[in-house]
Engineer: 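After the structure tokens below, expect a handful of questions from me.
What you see below is based on every heavy atom in this structure, not just the backbone, and it leaves out hydrogens, waters and symmetry mates. A note on names: the letters A, B, ... follow the listed sequences, proteins ahead of strands, and every chain is numbered from 1.
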Number of protein chains: 2
Amino acid sequence: MIEAVAEQTTKDRIVEACLETLKEEGFAGTSARAIARRGGFNQALIFYHFGTLNDLLLAALDRTSERRLSAYRAALAAAESVEEKVASATRLYRDDLASGHVTVVSEMIAGSLSRPDLGPEVVARMDPWIDFVEESVREPLDRAGLSSVLPPRTAAFMVVSLTLGVNLLWHLERDQTKAEALFEAAGRIARMLAPAFGGSDG
Amino acid sequence: MIEAVAEQTTKDRIVEACLETLKEEGFAGTSARAIARRGGFNQALIFYHFGTLNDLLLAALDRTSERRLSAYRAALAAAESVEEKVASATRLYRDDLASGHVTVVSEMIAGSLSRPDLGPEVVARMDPWIDFVEESVREPLDRAGLSSVLPPRTAAFMVVSLTLGVNLLWHLERDQTKAEALFEAAGRIARMLAPAFGGSDG
DNA sequence: GTCTATACTTGGATAGAC
DNA sequence: GTCTATCCAAGTATAGAC
């Protein structure tokens, strides 16, 4: 972990090329050969540095997941009301859909459905996201007196599932209008419910 | 379409074997060889009867989709209140998760992410489901005065996305508790909102 | 319509020179 | 650490006998 500042190592370049390939060509298109082609390095390097393609895929998932999760954490921490939280989360997610960051997560989840050895590893990497959403919704739900009818953990699972589903359909259709309609509805609902959630500090 | 009553044609057997394979081995495990092995027929028959594997996959998707959609339609038509509708839909979906029927849909959607030629075809087959959900939620939303904040079409897209996401996570985790928690919350929410949706006839 | 045999392709992974 | 060359497995699809 001393390489922090220095220029990119080969290992880094491989991870980045893997992410690019996942975004551009999808999970099934992300073969060792395709990654090497895109990154402009030799295919054998992947196996030298990561052992197997699965391990590279997981390393890439880790990297993008950490990166994005901390962006979401920062944005929600800065938001001062439920409305603002919904607004920032929407903004971030919209960017992710367009730029393909969270997309990588969806591709990996969808893809790992069919690889028994990858599935459990990918699932484990969802937990931080569910935890994060849970933390974010606990207080608002409590204030609105909804925790008993909709426990924060369940709500978090719901949000993550929905996010995942929207992402998949987005990629199949490449039709922004449906997702946009969802974002707009989320904003209206947040504004409608704002009083119930209480507005004093958070 | 005259074969309605007679015993199964080979084509039928192939479609059924394809569905079985999708359920048992997932999308990536559903190769022509695997289907033939499971169905106990020769691999070449698939190509004789369907031309390509993609066409067989779509035929299988059509069959299960029609079958299940009509089951949902019938169940919801029989239900007499919003609570009952939520209860029947939950019951059906729970069965689907366990038996793997709607699962096939999820597998196909996730899998077709990576096959450019399959994606659009699969998407087209989602529309009847979105239409169905839209019809189902329109009246309750109208009555509750929520249609302007959450249009029926958007709500339908949301429900379908959520369903899809839950299905994917279910398959990765094989952990019923999370999905069950969601079902229970749905029931509580339905009961809570029942008065707002009006109780006279439907 | 159904079978065997096989052509062809792609992809993961490794050996071994440098 | 990086390269070339290659092995091997699995898959789609087709040819051609029956």
Engineer: Over how many whole Å does the gap from Ile14(A) atom CD1 to dT2(D) atom C1' extend?
Structural biologist: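 Rounded to the whole Å, the gap is 10 Å.
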Engineer: Applying ring-ring contact (aromatic ring centres under 6.0 Å, His included), name anything that partners Trp170(A), two or more places apart in sequence or on another chain.
Structural biologist: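 Trp170(A): no ring-ring contact (aromatic ring centres under 6.0 Å, His included) contacts found.
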Engineer: Within the 3.5 Å criterion, strictly below it, is a donor on His171(A) or Thr103(A) matched to an acceptor on the partner's side chain?
Structural biologist: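 Distance-only check passes for His171(A) and Thr103(A).
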Engineer: Going through the distances and angles, do Glu16(B) and Arg13(B) end up as a salt bridge (Lys or Arg N to Asp or Glu O under 4.0 Å)?
Structural biologist: CA-CA 5 Å; Glu16(B) 293 300 332; Arg13(B) 284 181 56 212; over 6 Å; no
Engineer: Considering residues at least two apart in sequence or located in another chain, which fulfil the side chain to side chain donor-acceptor pair (under 3.5 Å) criterion with Asp142(B)?
Structural biologist: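 Counting only residues at least two positions away or on another chain, Asp142(B) forms a side chain to side chain donor-acceptor pair (under 3.5 Å) with Ser147(B).
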Engineer: Is the shortest side-chain N/O distance from Thr10(B) to OP1 or OP2 of dT2(C) below 4.0 Å?
Structural biologist: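 True: Thr10(B) side-chain N/O within range (under 4.0 Å) of dT2(C) OP1/OP2.
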Engineer: Starting from the C-alpha separation in whole Å, work towards a yes-or-no answer on salt bridge (Lys or Arg N to Asp or Glu O under 4.0 Å) for Arg68(A) and Asp95(A).
Structural biologist: CA-CA 11 Å; Arg68(A) 287 275 82 190; Asp95(A) 290 347; 5.9 Å; no
Engineer: With side chains defined as the heavy atoms from C-beta onward, is the minimum distance between Val86(B) and Arg191(B) less than 4.5 Å?
Structural biologist: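 Side chain of Val86(B) against side chain of Arg191(B), heavy atoms only: no contact under 4.5 Å found.
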Engineer: Is the shortest side-chain heavy-atom distance between Leu113(A) and Leu118(A) below 4.5 Å?
Structural biologist: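 Heavy-atom side-chain distance check fails, nothing below 4.5 Å.
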Engineer: Can you list the steps and then say if Asp62(B) with Arg67(B) is a salt bridge (Lys or Arg N to Asp or Glu O under 4.0 Å)?
Structural biologist: CA-CA 8 Å; Asp62(B) 280 337; Arg67(B) 231 167 13 201; over 6 Å; no
Engineer: Write out a two-atom table: protein N or O, nucleotide N or O from nucleotides 4-7 of chain C, distance below 3.5 Å.
Structural biologist:
from	atom 1	to	atom 2	distance (Å)
dT4(C)	OP2	Asn42(B)	ND2	3.0

Engineer: Can you find a heavy atom in the side chain of Val133(B) that is under 4.5 Å from one in the side chain of Phe157(B)?
Structural biologist: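 Contact flag for Val133(B)/Phe157(B) side chains = no.
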Engineer: Specify the residue among Phe41(B) and Arg37(A) whose closest nucleotide of DNA chain C lies further upstream toward the 5′ end.
Structural biologist: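 Comparing both residues, the 5'-ward one is Phe41(B).
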Engineer: Does any residue of residues 15-30 of chain B have a heavy atom under 4.0 Å from DNA chain D, and if so, which ones, in number order?
Structural biologist: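 Nucleic-acid contacts, sorted: none.
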Engineer: Using a 4.0 Å cut-off on heavy atoms, which residues in residues 46-56 of chain A reach DNA chain D? List them by number, or say none.
Structural biologist: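 When residues 46-56 of chain A is checked for heavy atoms under 4.0 Å from DNA chain D, the hits, listed by number, are Tyr48(A), His49(A).
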Engineer: Excluding sequence neighbours, so at least two apart, what forms side chain to side chain donor-acceptor pair (under 3.5 Å) with Glu25(B)?
Structural biologist: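 Partners of Glu25(B) under the side chain to side chain donor-acceptor pair (under 3.5 Å) test: Arg38(B).
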